[in-house]
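Here the structure comes first, spelled out in structure tokens, and everything after it is commentary.
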Amino acid sequence: MVRGIRPALEGATLVEFVRLPCKRRPLLLEPSLAVIRRRTSGKRIQAVRRRAKRVVIELETGEGFVIEPRMTGLMLVTDPPTVEHLRYAWRVRGADGIQTVQFWDRRGLGTVRLLDREALAALMTPGKIGPDALEMTPALWRDVLSRTRRPVKVALLDQALVAGIGNLYASEVLHLSRIHPATPADRLSPAKIRKLSEAVQSVLQLAIEHEGSTLSDGTYRNVLNQDGGYQNSHQVYDRAGLGCPRCGRSIVRIVQAQRSSFFCPVCQIDPSRRTARR
DNA sequence: ATTAATGTTCAGAA
DNA sequence: TTTCTGAACATTAA
């Protein structure tokens, strides 16, 4: 997302931030539209960055837009999937003239905020949300996972612990590292933690290279409104009843923290049954 | 026609 | 203190 919108925005001048005529109830916008427009119109865009799952558009003033797409939000530089779910747009003037980046959100759970310099700096460093998943090391993982007894799958989704891993990727990561999703986070062996650390890197890097996963209900799409490709590489996510690509056994779906987890009962051995021998 | 599910996050309760 | 529950929303599949 960030790489897609960066060429249009970085170095350009924000002509105006606009609310699009979406009929539905507005999603969270802070502060008010009028205040945002007053503070940002005419300002140069210094950088477009990512922090965990958030898009950050930093202005010359030090202030910055923080966009949280959540479930169905998209940043687009072309026509959207539907016109009625268009929420906001950034109209900018750059080297190539006037361009528009739009925020489209079907479910409307996404948020757009304008943060001041201090709040932005606080967001970019680990604090309220944890270190970025792609910045983690085995040592950091050990530290973070030792802090909770919750199931490792639930811990991976806790953005205060580690920021940037979503539900689908948590299942994929655990399958690749052959860890049962119900394993208490603080009971993973150093060897498993190392595997987990490597799996997070490879799954997320590959997913980014393939421009994400477009699921059956057409959720994520790139800035050109094109499908991603990583759904074709899913080993377990949304594959309950289908064969594990590694061993052939049927993939199982369970619910943890009110979210679906998918895993292979053969490749990912239940830790409580591992030592069950007499 | 209901119900449950969905790449999520957060406040408030247990 | 830590963990769990439900709500915000729109759409689709069962």
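What you see is a predicted model, and the numbers here were worked out from it, not measured in a lab. Letters A, B, ... mirror the listed sequences (proteins, then strands); counts begin at 1.
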Check [Y] with [X], please: is the shortest side-chain N to carboxylate O separation under 4.0 Å?
X	Y	value
A/Lys23	A/Glu84	no
A/Asp186	A/Arg150	no
A/Arg49	A/Glu58	yes
A/Glu30	A/Arg113	yes

Among the candidates [options], find the nucleotide nearest to the side-chain atoms of [X].
X	options	answer
A/Gln258	C/dT5, B/dA5, B/dT9	C/dT5
A/Lys128	B/dT9, C/dA10, B/dC10	B/dC10
A/Leu109	B/dA5, C/dC9, C/dT11	C/dC9

Parallel, tilted or perpendicular: rings of A/Phe17 and A/Trp90 (30°, 60°):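 Judged by the thresholds at 30° and 60°, the geometry between A/Trp90 and A/Phe17 is tilted.
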
Gap in Å between the two P atoms, one belonging to B/dG7 and one to C/dT3, rounded: 22 Å

Euclidean distance for C1', B/dA4 against C/dG6 (whole angstrom):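 Those two atoms are separated by 15 Å.
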
For [X] and [N], is the shortest distance between a side-chain N/O and OP1 or OP2 below 4.0 Å?
X	N	value
A/Arg70	C/dA8	no
A/His85	C/dC9	no
A/Lys53	B/dG7	no

Interface with DNA chain C, restricted to residues 146-166 of chain A and to heavy atoms under 4.0 Å: A/Thr148, A/Arg149, A/Arg150

Duplex segments of DNA chain B, taken as runs of at least three Watson-Crick or G-U pairs that stay under 3.5 Å: B:2-6 with C:10-14, B:8-14 with C:2-8

Heavy-atom closest pair, residues A/Gly73 and A/Phe103: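 Closest approach of A/Gly73 to A/Phe103: CA-CE1, 3.8 Å.
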
Name every donor-acceptor pair, under 3.5 Å, that has one atom in a side chain of residues 243-256 of chain A and the other anywhere in the protein, sequence neighbours excluded.
| from | atom 1 | to | atom 2 | distance (Å) |
| --- | --- | --- | --- | --- |
| A/Ser250 | OG | A/Gly241 | O | 3.2 |
| A/Arg253 | NE | A/Ser260 | OG | 2.8 |
| A/Arg253 | NH2 | A/Ser260 | OG | 2.8 |
| A/Gln256 | OE1 | A/Ser261 | OG | 2.6 |
| A/Gln256 | NE2 | A/Pro181 | O | 3.3 |

At under 4.0 Å between heavy atoms, what does [X] touch on the DNA or RNA strands: base, sugar-phosphate, or nothing?
X	value
A/Tyr169	base
A/Glu68	sugar-phosphate
A/Gly110	nothing

Spacing of OG belonging to A/Ser146 relative to CD1 belonging to A/Ile193, to within rounding of 0.5 Å: 8.0 Å

Main-chain N/O of A/Gly229 paired to A/Ser233 side chain as donor or acceptor, under 3.5 Å: no

Residue mapping more 5' on DNA chain B - nearest nucleotide basis, A/Ile129 or A/Gly228: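 The 5'-side residue here is A/Gly228.
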
For atom NZ of A/Lys23 and atom C1' of C/dA10, their distance in whole Å: 16 Å

